[in-house]
Amino acid sequence: MADQIRIRQAVHNLTAQDLAQVRDAYRQQQAIFDNRGYQFLAGLHGVPSWYCWHHQQNAHSALSLDLFLPWHRAYLYQFEMGLRDRAPGVTLPWWDWTLGPPRQKGLPQAFIMAKGADGSPNPLLGFRINQPTTNPPLKHMTKRKPGPWNALPTDAQVQALIGLGDWTDFTTQLENVHDQVHTWVSGDMGLLSTAAYDPIFWSHHAMIDRIWALWQVRNGNSNIAPDLFDVVLDPFNLKVRDVLNVNTLGYDYAAGAAAVSLGGAG
Ligand SMILES: [Cu+2]
């Protein structure tokens with residue numbers, strides 16, 4: 001276990017100071033265009049590098065494997081480390097899309113304001129993709145076309161997912177709920193090729209990763225298909241077994257909403 005566990009917070013629970021720090025990290029990360037920068041990391045998912053796993057499939061492999069959750073956990077880990085290189089105290093916040101008014105109506109306010117508290121452009125609103133040499137070439141500001149707030153998955157759906165005891169059922173149904181949110185945000189988030197360029201992608205996937213972590217508290221960290229343990233999560237230098245325990249990766253999710261999900265055991 002890492003010496004000090006860093007805690008990922010819910011977007012709606014960030015203090016003004018936390019949010020300013022998250023914005024600062026994204027702003028810096030988005031300004032870097034080499035392999036430490038936002039554009040490079042976002043490009044690992046879809047265009048141009050296509051390393052992501054969805055629905056047992058990957059563009060670089062003929063195998064059919066349930067790597068959706070482990071691969072995205074490794075991916076978020078890499079991204080969070082990148083943010084922390086820029087702003088050492090920062091952690092990746094999760095977007096709890098189950099929240100309704102008055103706390104939230106669809107996309108969190110932090111991600112839709114044109115400007116931050118200091119008046120500077122909000123780096124969580126979108127990212128200007130500039131990949132003129134990729135196939136297809138990408139050169140645009142990410143866009144969203146969100147649906148009505150009450151069309152997002154509900155907390156009852158999340159609780160039902162956490163109650164599924166079988167790994168295959170769980171990952172399959174969680175991925176379907178995850179797809180529903182991508183489609184709900186629409187625009188770039190609705191396309192595998194460009195989803196990761198939208199800053200909300202990372203907080204959506206942090207929510208998915210958190211649901212897996214909550215499920216693991218109930219069902220055990222190693223409750224996955226055993227033949228997955230030694231699969232390498234390209235292009236990250238991690239095997240599936242390395243990402244099974246969030247504490248081994250040095251992080252955890254803040255309690256609060258989590259305590260409800262664990263029936264008070266959290
Ligand atoms: Cu996704």
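Counting convention: from 1, in listed order, for ligands and their atoms alike.
- Counting only protein atoms, the N, O or S atoms lying less than 2.8 Å from the Cu ion (ligand 1) are H178 NE2, H182 NE2, H205 NE2, ordered by chain and residue number.
- In N237, the CG atom is not crowded: 12 or fewer heavy atoms of neighbouring residues, nucleotides or ligands sit closer than 6.0 Å.
- Looking at N221, its side chain never comes within 3.5 Å of a backbone N or O of Q216 through a donor-acceptor pair.
- Between W71 and H45, the ring planes are tilted. Angles from 30° to 60° get that label.
- With sequence neighbours left out, Y197 forms a ring-ring contact (aromatic ring centres under 6.0 Å, His included) with no residue at all.
- Remark: R6 is not positioned above the aromatic ring of Y251, lacking an NZ or CZ atom under 6.0 angstrom from the ring centre and at most 45 degrees off the axis.
- Using the six-membered ring where Trp is involved, W215 and W167 have ring planes that are tilted, between 30° and 60° apart.
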